Amino acid sequence: MNKITDVVMKPLEKSIYLKPYTMHFTQNGQKKTWDLLGIHDSVAIIIYNKLRKVLILVKQFRPAVYLGTIDPQDRQIDHPIDTAKYPPENGITIELCAGIVDKQLSLAEIAREEILEECGYDVPVGSLELIGSYRSGVGTSASVQTAYYCEVTDAMKVTQGGGTDDELIDVVEMTVAEVKDYVTQRDVVNSPPSFLFGIYWFLLNKSSKY
Ligand SMILES: O=c1ccn([C@@H]2O[C@H](COP(=O)(O)OP(=O)(O)O[C@H]3O[C@H](CO)[C@@H](O)[C@H](O)[C@H]3O)[C@@H](O)[C@H]2O)c(=O)[nH]1
Ligand SMILES: [Mg+2]
């Protein structure tokens, strides 16, 4: 994982990843507003290496998670963030392999590509089991995430993974016992709800079979 330095917050100017809005509406005759973000839909995949009995997960530095570790008075615009006080390692998460829907491909094909790019496994698209789709956020951002399950073997591993272009992703493997300990720890789990959903889905539906 690369070293994070020179962190500073700037106002959002324009973005290809998110679009901020205020929705104005009238509810039961009362005028209201709601601030929100338009973001891409996404896919996420629970990957299980059935030969070695490990879940294949990804670890990466998440700026939003790091921001959330910093006290509001210490993250003002144009003031460098004190990385000694706030270690950037606190922004490193463990997640399911996942990616945004930004291509004219089927969701399953996008999931197949993410498995290859992030984790290095080349899987047939037909091997992806659809779990379902859900709202990835309901307060400030609006998008749908579609989850899949996929079993792999070492024979399908064709690269080290790690993402494309500027992405820096570490592939991590966890046994079922390790992942159970991780999701039930008392400390904050540095992972999104979609990860927790996926792991509990796996524990409920798959892990007893192996
Ligand atoms: O401001 C940004 C935003 C994105 N990127 C790039 O876009 C990529 C997006 O990666 P991708 O793997 O397609 O999506 P994820 O970041 O993994 O996000 C997906 O997976 C997350 C975990 O499930 C969900 O929270 C998100 O909603 C979902 O889009 C990043 O790696 C960056 O290369 C930027 O450079 N700048
Ligand atoms: Mg991703």
Side-chain angles (χ1 to χ4, degrees), residues 1-2 4 6-21 36-48 55-69 75 77 81 88 91-121 123 128 130-150 152 159-174 179 182-183 188-202:
M1 196 79 44
N2 277 21
I4 306 290
D6 306 314
V7 186
V8 64
M9 300 308 295
K10 300 275 181 186
L12 175 73
E13 283 171 3
K14 63 174 189 227
S15 172
I16 56 168
Y17 298 104
L18 49 88
K19 198 161 166 53
Y21 298 93
L36 45 83
L37 291 171
I39 60 170
H40 285 98
D41 288 345
S42 62
V43 296
I45 313 100
I46 302 156
I47 307 170
Y48 186 63
L55 286 147
I56 309 298
L57 303 164
V58 293
K59 220 173 182 178
Q60 60 203 301
F61 174 73
R62 289 294 198 180
V65 173
Y66 181 48
L67 181 67
T69 68
R75 59 187 202 200
I77 298 293
I81 307 273
I92 294 172
T93 58
I94 295 180
E95 302 175 26
L96 300 177
C97 169
I100 57 175
V101 177
D102 60 352
K103 292 180 201 133
Q104 298 289 20
L105 290 174
S106 70
L107 294 176
E109 280 161 349
I110 291 176
R112 194 196 81 83
E113 278 194 1
E114 289 295 333
I115 297 168
L116 182 59
E117 288 169 8
E118 295 192 352
C119 301
Y121 288 89
V123 304
L128 292 168
L130 177 66
I131 298 171
S133 301
Y134 43 85
R135 303 284 163 197
S136 67
V138 293
T140 50
S141 64
S143 78
V144 172
Q145 184 168 78
T146 299
Y148 292 90
Y149 174 66
C150 181
V152 299
T159 71
Q160 287 308 303
T164 53
D165 305 331
D166 61 341
E167 282 185 311
L168 289 166
I169 292 173
D170 286 345
V171 180
V172 290
E173 299 186 347
M174 283 171 109
V179 91
Y182 178 72
V183 296
V188 172
V189 181
N190 240 14
S191 299
S194 57
F195 170 86
L196 297 174
F197 163 74
I199 296 303
Y200 281 107
W201 179 91
F202 175 82

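Remember, predicted model here, so these are calculated numbers, not experimental data. All residue numbers refer to positions in the sequence shown, counting from 1. In each ligand, atom 1 is the first atom listed, and ligand 1 is the first ligand listed.
- Rounding to the nearest 0.5 Å gives a distance of 8.0 Å between OH of Y134 and OG1 of T146.
- For E109, the salt bridge (charged side-chain N to carboxylate O under 4.0 Å, His left out) criterion is met by no residue, not counting sequence neighbours.
- The OG1 atom of T93 lies 5.0 Å from the CD atom of Q60; values are rounded to the nearest 0.5 Å.
- Of the possible polar contacts, none joining the N190 side chain to the I94 backbone as a donor-acceptor pair under 3.5 Å is found.
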Between the protein and ligand 1, which nitrogen or oxygen pairs come in under 3.5 Å, and how far apart is each?
unit_1	atom_1	unit_2	atom_2	d
ligand 1	5 (N)	Y17	OH	3.3
ligand 1	10 (O)	E167	OE2	3.3
ligand 1	12 (O)	A98	O	3.0
ligand 1	12 (O)	E118	OE2	2.9
ligand 1	12 (O)	E167	OE2	3.3
ligand 1	13 (O)	I100	N	2.9
ligand 1	16 (O)	R62	NH1	2.8
ligand 1	16 (O)	R62	NH2	3.3
ligand 1	17 (O)	R62	NH2	3.1
ligand 1	17 (O)	A98	O	3.2
ligand 1	23 (O)	Q145	NE2	3.3
ligand 1	23 (O)	S194	OG	3.3
ligand 1	31 (O)	E167	OE2	2.9
ligand 1	33 (O)	D166	OD1	3.1

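- For the atom pair CD1 (I39) and OH (Y17), the distance works out to 13.0 Å, reported to the nearest 0.5 Å.
- Ring geometry for Y149 versus W201: interplanar angle of 30 to 60°, hence tilted.
- With sequence neighbours excluded, the residues forming a side-chain hydrogen bond (donor to acceptor under 3.5 Å, both in side chains) with S136 are S143, listed by chain and number.
- A heavy-atom distance below 4.5 Å is not found between the side chains of P63 and V65.
- Annotation: protein N, O or S atoms under 2.8 Å of the Mg ion (ligand 2) (waters excluded) comprise A98 O, E118 OE2.
- Here the straight-line distance linking atom CG of L36 with atom OH of Y21 works out to 8.5 Å at 0.5 Å rounding.
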